[in-house]
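Notes for the one structure printed next.
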Amino acid sequence: MSRMPTNTASTSPADSSDKIQLPEMDLSDLQALMLQWKQPKFRAKQVFDWRNKGVLNPDEMKNISADLRDKLNTELLCDPLKLMRRECSSDGTRKYVFALKRGRFAGKMVEAVFIPEEKRGTVCISSQVGCVLDCPFCHTGTQAFEANLSAGEIVAQILAIKADLRSDPLSEALEMFSDVTHIVYMGMGEPLANEDSVHKSIALFMHEDGLNISRRRITLSTSGLVPQINRLGEVQPVNLAISLHSAIDEQRDVLVPINRKYPLAELRDCLNRYPLRKQRHITLEYVLLDAVNDRAEDLQALIAFVNPERERVNLIQFNPYPGSPYQGTSKENMREFAQHLISKGIRATVRRSRGQDIMAACGQLKADTKLQG
Ligand code: SF4
């Protein structure tokens with residue numbers, strides 16, 4: 001464990017930004033803390049079980065003593081997020097808006113989206129408030145970068161959604177899976193620009209004593225930060241998705257500006273090296289913009305870029321947001337684009353857009369709510 005609360009018995013409680021967050025602790029962290037607090041070791045497991053159920057308010061941890069509840073309340077930031085709003089789409093998708101509670105970041109908003117399917121439930125989580133990058137087709141990119149999330153704040157999004165689905169499951173009529181089985185880092189922010197917290201949160205999600213979500217069920221989507229992708233491959237080789245959106249440098253420089261720093265040739269080398277397990281693929285995301293990246297030359301460049309042995313293309317319908325400068329390709333064009341790729345032996349899928357009625361679809365996340373009270 002990197003940090004432990006100091007003995008604050010004779011001093012005033014630490015500022016909330018300095019406090020350890022309960023969701024960023026694993027079982028051994030809690031055991032060390034109980035030892036430090038002179039509590040029996042089994043208390044760690046009790047607290048940890050509550051945490052894994054998404055119960056982060058010590059006052060609701062009914063089987064622990066009142067003095068331990070007090071200690072948790074004063075020494076830790078147990079629940080680092082406040083749920084501000086939940087919106088439910090008719091297709092079962094739920095969008096959650098959370099406010100941070102930590103120090104000077106208190107009140108800043110992030111969003112997460114639960115996307116149910118018949119046999120799985122995926123949560124798209126945020127890693128930053130706003131984004132350090134500035135992709136012009138992306139709604140999040142129009143929001144200035146304000147903060148990197150801590151590992152605790154990333155994990156707390158999943159814990160809050162698990163708790164919500166337990167207390168208010170999806171209607172059985174929808175015939176959709178009502179729990180979290182898969183996690184995608186595709187919400188607000190560029191996850192690899194917040195590397196430490198993201199690596200730590202992946203480890204926490206995978207921890208077998210904790211949420212025990214396997215690496216195969218975690219996907220990280222990045223705009224293409226080459227050194228960070230290399231490190232991810234070495235340390236936490238989860239499923240990788242790349243926001244490609246063009247295979248022509250001059251155009252990708254505009255659509256995904258990080259391309260100016262790490263152009264396609266560098267990205268190509270890096271993807272060739274990324275460790276892949278059997279039957280796994282890297283996903284290349286390609287949002288189709290009318291008359292921008294859906295022309296014949298765009299298709300040819302994409303065909304030349306893709307390594308069909310290791311990669312597949314996910315074509316994404318552009319989800320307009322208020323003031324967006326682009327139009328989406330027609331559905332017919334999209335199908336044709338996919339067919340051309342398939343005819344060249346490239347696995348191509350068209351992503352079905354979910355939650356569009358609540359602005360929860362891909363590229364639409366932007367926290368524009370102000371904290372009330
Ligand atoms: S596409 Fe991703 S990296 Fe680009 S601005 Fe949007 S959130 Fe940031």
Side-chain angles (χ1 to χ4, degrees), residues 23-24 26-27 48 51-54 92-96 111-127 149 151-166 169-170 175-192 194-195 197-222 228-229 231-243 271 274-285 310-314 316 347 349 351-352 354-355 360-362 365:
E24 71 187 12
D26 63 23
L27 183 57
F48 196 59
R51 170 253 197 225
N52 289 333
K53 286 185 201 157
T93 303
R94 290 182 180 181
K95 180 165 89 171
Y96 299 82
E111 297 184 354
V113 181
F114 173 69
I115 307 146
E117 292 173 84
E118 207 183 319
K119 292 191 175 141
R120 61 198 255 170
T122 303
V123 178
C124 175
I125 49 175
S126 294
S127 53
L149 298 194
E153 288 157 347
I154 295 172
V155 173
Q157 294 171 60
I158 296 292
L159 296 176
I161 293 172
K162 279 179 82 68
D164 177 58
L165 289 167
R166 210 176 32 256
L170 298 182
E175 297 183 350
M176 297 270 185
F177 204 80
S178 197
D179 195 5
V180 180
T181 59
H182 291 68
I183 296 173
V184 294
Y185 288 78
M186 278 188 200
M188 295 167 66
E190 162 53 66
L192 293 183
N194 183 13
E195 208 176 3
S197 294
V198 165
H199 280 211
K200 186 170 180 187
S201 64
I202 293 171
L204 287 160
F205 288 138
M206 286 172 40
H207 204 295
E208 56 188 16
D209 290 331
L211 295 173
N212 198 13
I213 295 176
S214 93
R215 178 172 290 153
R216 289 183 300 113
R217 294 175 172 218
I218 300 175
T219 300
L220 183 144
S221 173
T222 172
Q228 288 87 337
I229 296 172
R231 282 198 287 275
L232 186 73
E234 284 162 21
V235 182
Q236 303 274 21
V238 292
N239 298 321
L240 186 66
I242 301 291
S243 297
L271 297 186
Y274 194 80
L276 277 184
R277 289 170 180 225
K278 270 192 187 157
Q279 316 274 347
R280 309 306 287 183
H281 287 85
I282 295 169
T283 303
L284 304 178
E285 295 162 350
R310 292 171 48 86
E311 292 154 12
R312 63 178 173 206
V313 177
N314 193 5
I316 304 166
R347 287 163 57 108
T349 48
R351 187 191 292 171
R352 193 158 57 103
R354 301 285 304 272
C362 184
L365 296 189

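Note that the coordinates shown come from a computational prediction; the quantities given were computed from them, not determined experimentally. In what follows, residues are counted from 1 in the order of the sequence shown.
- Contact of the Asp209 side chain with the Asp26 side chain is not registered, since no non-hydrogen atoms from C-beta on lie closer than 4.5 Å.
- Counted within 6.0 Å of CZ on Arg166, heavy atoms from surrounding residues, nucleotides or ligands total more than 12; the atom is thus considered enclosed.
- The closest side-chain heavy-atom distance from Arg217 to Thr122 is not below 4.5 Å.
- With rounding to the nearest 0.5 Å, the separation of CE in Met186 from CG in Leu220 is 8.5 Å.
- Checking Glu190 against Ser127 by side-chain atom types alone, no donor-acceptor pair falls below 3.5 Å.
- Taking the side chain to side chain contact (heavy atoms under 4.5 Å, CB included) definition, one finds that Thr349 meets it with Asn314, sequence neighbours left out.
- Between the side chain of Thr181 and the backbone N or O of Gly121, at least one donor-acceptor pair lies under 3.5 Å.
- Here CD1 of Ile242 is found 8.5 Å from OH of Tyr274. Values are rounded to the nearest 0.5 Å.
- Of all non-hydrogen atoms in Leu284 and Leu271, the two that sit nearest each other are CD2-CD1, 4.0 Å.
- Listed by first and then second residue, the salt bridge (charged side-chain N to carboxylate O under 4.0 Å, His left out) pairs that reach into residues 231-242 are Glu195-Arg231, sequence neighbours excluded.
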Exercise for the section: Apply side chain to side chain contact (heavy atoms under 4.5 Å, CB included) to Leu149 and Gln157, showing your working. Expected result: CA-CA 11 Å; Leu149 298 194; Gln157 294 171 60; 3.4 Å; yes
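- The two residues Arg277 and Arg215 have their closest heavy-atom pair at NH2-NH1, 3.3 Å.
- Separation of atoms CD (Glu153) and CD (Glu24) is listed at 8.5 Å; rounding is to 0.5 Å.
- Looking at heavy atoms from C-beta onward, Ile183 lies out of side-chain contact with Leu211 at the 4.5 angstrom threshold.
- To the nearest 0.5 Å, the span separating CD1 on Ile282 from CZ on Arg312 amounts to 10.5 Å.
- With Val184 as the partner, the side chain to side chain contact (heavy atoms under 4.5 Å, CB included) test is satisfied by one option alone out of Val238, Ile115, Thr219, Asn239: Thr219.
- Note: Lys95 NZ to Glu111 CD = 4.5 Å, rounded to the nearest 0.5 Å.
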Exercise for the section: Give the intermediate values and the outcome of side chain to side chain contact (heavy atoms under 4.5 Å, CB included) for residues Arg94 and Leu170. Expected result: CA-CA 10 Å; Arg94 290 182 180 181; Leu170 298 182; 3.6 Å; yes
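- Using a 4.5 Å heavy-atom threshold, the side chains of Thr222 and Leu232 count as separate.
- Side-chain contact between Pro116 and Thr93 is present, with heavy atoms from C-beta onward closer than 4.5 Å.
- Here the shortest heavy-atom pairing between Gly54 and Ala163 reads O-CB, 3.9 Å.
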Handout entry: Trace of the side chain to side chain contact (heavy atoms under 4.5 Å, CB included) decision for Val155 with Arg51
Key = CA-CA 10 Å; Val155 173; Arg51 170 253 197 225; 4.1 Å; yes
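- The two atoms that bring Pro169 and Ser178 nearest to each other are CA-OG, 3.6 Å, heavy atoms only.
- Counted by atom type alone, Ser221 and Glu285 present one or more donor-acceptor pairs between their side chains at under 3.5 Å.
- Applying the salt bridge (charged side-chain N to carboxylate O under 4.0 Å, His left out) definition to pairs two or more places apart or across chains, those involving residues 118-127 are Glu117-Arg120.
- Taking all atoms of both residues into account, the shortest heavy-atom contact from Asp179 to Leu165 is CA-CD1, 4.0 Å.
- Counting only heavy atoms from C-beta outward, the side chains of Met206 and Ile218 approach each other to under 4.5 Å.
- Side-chain contact between Tyr185 and Asn194: absent, with no pair of heavy atoms (C-beta onward) separated by less than 4.5 Å.
- Interatomic distance, CD of Gln236 versus CZ of Phe205, reported as 11.5 Å (0.5 Å rounding).
- Between Ile154 and Leu204, every side-chain heavy-atom pair lies at or beyond the 4.5 Å cut-off.
- Here the closest non-hydrogen pair linking Pro191 and Val198 is O-CG2, 3.4 Å.
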